[in-house]
Amino acid sequence: MSIARFWRETPRRYNLGGSKCTTCGTTYFPPRAVCPVCPVHRQSIEKMIPFQLSGEGEVLSFTIVHEAAEGFELQVPYVLALVKTVEGPVLTGQIVDAAPEAVAIGLKVRATFRKLREEGKAGVIHYGYKFTPADDPSFATSARGPPVPAPAENPPRDRARA
Ligand SMILES: [Zn+2]
């Protein structure tokens, strides 16, 4: 991917900015200019508004990748998952900070911004979203042990941007 194209796409990569149809309420990520759900697509053109995903969701499906694509060799094995966000859109992303065997369908996750890969000798580093297990005290797997109270110094979730 060219640097120019990467930077054009950066706002949505960093912010999880999608779009929402104000007619039927369906949300999209990446953003769409036309709502494919509304019966008369053309009428939705003026009804689409920017919509911010919270980055929270759960694993819908996943696969453990052992043969990495170019640029991802150092990360194998890694988990690639389909994550259904709480707002509705399904995102594809890597699950990090979790052992592959700890990932399961239904796992609650939260988007985080990480280095995706470095591009060759130019040293271009791409960043984007990945997912980590959510710090929901009601959620615990055997791999993570029993739930523990969240430390007081944890910053409150930033929902003001939504
Ligand atoms: Zn619609």
Side-chain angles (χ1 to χ4, degrees), residues 1-65 68-72 75 78-98 100 102-117 119 124-141 144 147 150 154-162:
M1 182 187 298
S2 73
I3 293 172
R5 182 179 153 208
F6 180 78
W7 284 107
R8 275 200 303 277
E9 295 181 357
T10 291
R12 80 172 191 225
R13 285 171 183 273
Y14 275 88
N15 303 330
L16 293 178
S19 63
K20 179 175 185 173
C21 172
T22 55
T23 301
C24 71
T26 307
T27 53
Y28 300 96
F29 181 85
R32 302 187 71 134
V34 174
C35 180
V37 172
C38 283
V40 183
H41 300 343
R42 287 166 52 91
Q43 287 180 2
S44 68
I45 292 175
E46 299 297 318
K47 309 281 187 173
M48 304 300 282
I49 57 169
F51 179 75
Q52 185 70 49
L53 295 179
S54 66
E56 294 176 30
E58 67 176 53
V59 173
L60 206 59
S61 174
F62 68 97
T63 184
I64 299 174
V65 177
E70 189 179 345
F72 293 85
Q75 301 180 36
Y78 62 86
V79 179
L80 199 59
L82 287 178
V83 173
K84 183 170 174 58
T85 60
V86 293
E87 294 85 2
V90 175
L91 276 52
T92 303
Q94 191 178 339
I95 308 287
V96 293
D97 298 343
V103 177
I105 290 170
L107 176 71
K108 299 276 192 292
V109 293
R110 177 173 299 133
T112 178
F113 293 91
R114 296 289 176 86
K115 184 170 91 172
L116 292 180
R117 64 196 175 102
E119 199 163 87
V124 177
I125 300 174
H126 290 175
Y127 290 85
Y129 63 82
K130 295 185 179 183
F131 293 93
T132 59
D135 297 316
D136 182 345
S138 67
F139 165 75
T141 67
R144 300 182 71 210
N154 269 10
R157 291 182 196 171
D158 182 8
R159 291 187 174 281
R161 291 173 299 161

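Each ligand, and each atom within it, is numbered from 1 in the order the structure gives. Values below: every heavy atom of this structure, side chains too, minus hydrogens, waters and symmetry copies.
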J.: Which atom names give the shortest non-hydrogen contact between Ala104 and Phe62, and what distance separates them?
T.: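 Between these two residues, the closest heavy atoms are CA-CE2, 3.8 Å.
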J.: So which of Tyr129, Tyr78, Phe131 actually passes side-chain contact (heavy atoms from CB on, under 4.5 Å) with Gln94?
T.: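 It is Tyr78, the one option of Tyr129, Tyr78, Phe131 that forms the side-chain contact (heavy atoms from CB on, under 4.5 Å) with Gln94.
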J.: Does any N or O in the side chain of Ser19 come within less than 3.5 Å of the main-chain N or O of Arg32, such that one atom is a donor and the other an acceptor?
T.: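 Yes, because the side chain of Ser19 sits within donor-acceptor range (under 3.5 Å) of the backbone of Arg32.
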J.: Write down the atom of Val59, the atom of Ala81, and the distance for their closest heavy-atom approach.
T.: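 Nearest pair, atom of Val59 first, then Ala81: CG1-CB, 4.2 Å.
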J.: Taking all non-hydrogen atoms of both residues, which atom of Val96 and which atom of Arg114 are closest, and how far apart?
T.: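 Distance-wise, the nearest heavy atoms are CG2-NH1, 3.5 Å.
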J.: Using a distance threshold of 2.8 Å, what protein N/O/S atoms lie below it relative to the Zn ion (ligand 1)?
T.: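 Only Cys21 SG, Cys24 SG, Cys35 SG, Cys38 SG fall inside 2.8 Å of the Zn ion (ligand 1).
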J.: Between Pro89 and Thr27, which heavy-atom pair has the shortest distance, and what is it?
T.: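 Minimum heavy-atom contact is CD-OG1, 3.1 Å.
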